[in-house]
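Predicted, not measured: the structure shown is a model, and the values here were computed from it.
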Amino acid sequence: MFGLRPRGGTRQSLRCVAVPRALSRLGNRRRLDILRVNDNVQRTERRRRMPDPSLYPDPFARDHLPARGLWPDLSAAMSGRYAYSKVMNATAELLDRAVAQGHGARYSLHAAEGSWTYAQLLDAVNRIANVLVRDLGLVPGNRVLLRAPNNPMLAACWLAVVKAGGIVVATMPLLRAAELGHMLDKARIRLALCDARLVEALDEACAARAHVRTVRFGTDAADGLEARMAQQSGDFAPFMASHDDVALIAFTSGTTGSAKATMHFHRDLIASCDAFAGPVLKAAPHDVFAGSAPFAFTFGLGALLLFPLRFAASAVLLEKAMPESLLEAMARHRATIAFTVPTLYRAMTPLAGNHDLASLRTCVSSGEHLPPSVYEGWRQATGLTLMNSIGSTEMLHAFLAMPPGEDRPNAVGRPLPGFSAMVVDDAMKEVPPGQIGRLAVRGPTGCRYLGDDERQKTYVRAGWNLTGDAFYADADGYFCYHARTDDMIVSAGYNISGAEVEEALLQHPAVRECAVVGTPDPARGHIVAAFVILHDPQTGNDEQRRALQDFVKSRLAPYKYPRIVEFLDALPRTSSGKIQRHVLRARSEGVA
């Protein structure tokens, strides 16, 4: 099920290397024949790695892909389970196919206001697609910004944009005008579909961008999307794009600064399903997916839209997924597969006993490091083992996950089918098992930044995606998380993992949440700074600070203890819930 990185070259590359050695032993004609065959093979190989011609009239996306020499190795996208039609439409693959196969009467989406069948979802998608093309003048290749919490109308809009040949740019509901403005400019957006409750910040961003047209939904207005849909047909033929045409521009969550825009093709959307939901989760029509992440966070997009539709299953959509509301929804809709972040699993653990979670069979954790204490706490509370995984916006979704049924709380897992991974040094040489290095990944999906070759050069090297994570591989071939490479703290010559210090602090009964970063120090280079949220904020004093420092010293080597401990009411987070460590680093420099 899970493939490890192949050793050495491919059979084809070995054949090519051997050819020159054999030429001297052959006649001239035979030498020319072999050279011609070898040249044809290499040309075919080069063509196979090139994107097929775009079928979009609007060339913006294709024109702003990275230089071809900066792409990751995507050869896995051309064969086996990932060998899709050269002309395709991702929505047709996800939704139209399910209805054609007889799943129209099955539920596709569950929400507070009711559930939608596959047939109802298809009808809404087709009507919105007709609005986009006939009423709003969408041309295939145009970018469309979407702004709403997770609900059925957002799902229908997302699928309709792709079906009409548009490129989705989804946004987090919590984003403000300046952040939205950055996305409007970066993706050169002229059309937005927005939940009427969230239009204020978008209107502010568009005030200086008169070229952007906003259509609202969730409103009875005569010019609202629902009124426009009522005037359109429920039939729509999908725009058949190249499999290499961009369907999604996803912005990173900005944990290290300004958000970056990543580009994903129609085939990428389907490949993410066939890498994880099929072979690993064994998704089937009876499954009910539930989770917390918004669609603009590609972790949530896969878990709550792409994966369920690909396998004719259903998803529970919550506009605000808090610990209690997520547990209640999972129990009410008999969810079988849960997707959320470690922070939420930690918050749900003491509440889990109040809900009937007997339907759950798989609980996937991703989005941030999974501390062993969270892993063990959830197992004790529910009897379920968390499936650790890791992915990135650049890779679209997961690339490593723990094989089902395996209990290794200190490991993330193995590469998904079609993916390869290795731990490398700064020279891109693979390091021995147990040695910490940089995680390098390649497979059927990969990083392509929008108009940003400099960042592309940093993320992709020698065909491998460098995810920004420090890992080590154990003797059994499992990959184990150590830290973010930008979170590694080097103090007085010692390498210190912030994640390790965080785990020690979380074992103290007074600590509710924490985050650890390195801050510059003239004597040691860097020192460890801990930002702590206490269960009882009133106890945040010097005595508690010394108690936490001593607690860490008692569990880790003394040089790892946090020399700075600051108590906060809340940790700075992105709209997807990830901790903004660059904000904490800047703050720690003012404290040191």
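Looking only at distances, no side-chain donor or acceptor of Thr445 sits under 3.5 Å from a matching main-chain atom of Asp268. Side-chain N or O atoms of Ser325 include one that pairs as donor or acceptor with a backbone N or O of Lys320 at under 3.5 Å. Of the possible polar contacts, one joining the His535 side chain to the Val511 backbone as a donor-acceptor pair under 3.5 Å is found. For the pair Ser365 (side chain) and Met387 (backbone), a donor-acceptor distance under 3.5 Å is absent. Using a distance-only test at 3.5 Å, with no hydrogens or angles considered, no donor-acceptor pair links the side chain of Ser314 to the main chain of Leu109. Side-chain atoms of Trp71 never come within 3.5 Å of backbone atoms of Arg448 as a donor-acceptor pair (strictly under, hydrogens ignored). The backbone N or O of Cys480 sits nowhere less than 3.5 Å from a side-chain atom of Asn410 that would complete a donor-acceptor pair. A donor-acceptor pair under 3.5 Å is formed between the side chain of Thr262 and the backbone N or O of Ala250. Between the Arg346 side chain and the Gly377 main chain, no donor and acceptor come within less than 3.5 Å of each other. Between the side chain of His264 and the backbone N or O of Thr393, at least one donor-acceptor pair lies under 3.5 Å.
For the pair Met402 and Thr385, the minimum side-chain heavy-atom distance is 4.5 Å or more. At a threshold of 4.5 Å between non-hydrogen side-chain atoms, the residues Asp244 and Arg267 count as touching. Put simply, the side chain of Leu584 reaches to within 4.5 Å of the side chain of Pro572, judged on heavy atoms. Put simply, the side chain of Tyr82 does not reach to within 4.5 Å of the side chain of Leu74, judged on heavy atoms. Annotation: side chain of Pro562 is not in contact with side chain of Val516 (no heavy-atom distance under 4.5 Å). Inter-residue side-chain proximity for Leu281 and Val364 is flagged as met; some heavy-atom pair is nearer than 4.5 Å. For the pair Val565/Leu505, no side-chain contact is recorded, criterion being any heavy-atom separation below 4.5 Å from C-beta on. Counting heavy atoms from C-beta outward, Pro72 and Arg442 have side chains that stay 4.5 Å or more apart.
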Pair His369, Tyr481 - check ring pair (Phe, Tyr, Trp, His ring centres under 6.0 Å), show working.
CA-CA 8 Å; His369 171 59; Tyr481 180 84; 4.7 Å; yes

Run the numbers on Met348 and Thr340 for side chain to side chain contact (heavy atoms under 4.5 Å, CB included), then give the verdict.
CA-CA 11 Å; Met348 291 193 298; Thr340 192; 4.1 Å; yes

CA sep, side-chain torsions, deciding dist, call: Arg461, Val424, side chain to side chain contact (heavy atoms under 4.5 Å, CB included):
CA-CA 11 Å; Arg461 288 182 60 191; Val424 300; over 6 Å; no

Verdict with reasoning, Phe265 to Val246, per side chain to side chain contact (heavy atoms under 4.5 Å, CB included)
CA-CA 4 Å; Phe265 298 159; Val246 176; 3.7 Å; yes

Output, in order, the C-alpha distance, side-chain angles, deciding distance and verdict of side chain to side chain contact (heavy atoms under 4.5 Å, CB included) for Ile489 and Val501.
CA-CA 11 Å; Ile489 304 165; Val501 181; over 6 Å; no

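Among all heavy-atom pairs drawn from Arg585 and Thr519, the shortest one is O-OG1, 4.5 Å. When all heavy atoms of Leu304 and Ala290 are compared, the pair lying nearest together is CD2-C, 3.7 Å. Contact between Phe289 and Ala313 at its shortest, heavy atoms only, is CE1-CB, 4.0 Å. Contact between Trp378 and Cys363 at its shortest, heavy atoms only, is NE1-SG, 3.6 Å. Closest approach of Ala352 and Thr382 over heavy atoms only: CB-CG2, 3.8 Å. For the residue pair Pro66 and Asp453, the shortest heavy atom distance occurs at CA-OD1, 3.4 Å.
The distance from the CD atom of Glu406 to the CG atom of Asn388 is 12.5 Å, given to the nearest 0.5 Å. Atoms CG and SG, from Asn465 and Cys447 in turn, are 6.0 Å apart once rounded to the nearest 0.5 Å. To the nearest 0.5 Å, the span separating CG on Leu400 from CG on Leu439 amounts to 5.5 Å. Note that CZ of Phe399 and CD1 of Ile390 are 4.5 Å apart. Values are rounded to the nearest 0.5 Å. With rounding to the nearest 0.5 Å, the separation of OG1 in Thr343 from CG in Leu571 is 8.5 Å. With rounding to the nearest 0.5 angstrom, the CD1 atom of Ile249 is 5.0 Å from the CE atom of Met263.
The environment of Asp550 atom CG is dense: over 12 non-hydrogen atoms of other residues, nucleotides or ligands sit within 6.0 angstrom.
Side-chain atoms of Glu394 and Thr467 include no donor-acceptor pair closer than 3.5 Å. A donor-acceptor contact closer than 3.5 angstrom is absent between the side chains of Tyr449 and Glu454.
Shown here are the ring pair (Phe, Tyr, Trp, His ring centres under 6.0 Å) partners of His508, two or more places apart in sequence or in another chain: Phe551. Qualifying side chain to side chain contact (heavy atoms under 4.5 Å, CB included) partners for Leu351, counting only residues two or more places apart in sequence or in other chains: Pro323, Glu324, Leu327.
For Phe307 and His397, the ring centers are positioned less than 6.0 Å apart.
Of the charged side-chain nitrogens involved, at least one lies within less than 4.0 Å of a carboxylate oxygen, so that Arg573 and Glu513 count as a salt-bridged pair.
Applying the salt bridge (Lys or Arg N to Asp or Glu O under 4.0 Å) definition to pairs two or more places apart or across chains, those involving residues 283-303 are Asp287-Arg361.
Ring geometry for Phe339 versus Phe276: interplanar angle over 60°, hence perpendicular rather than tilted (30 to 60°).
Geometric assessment of Arg408 against the ring of Tyr478 yields a positive cation-pi assignment under the 6.0 Å and 45° thresholds.
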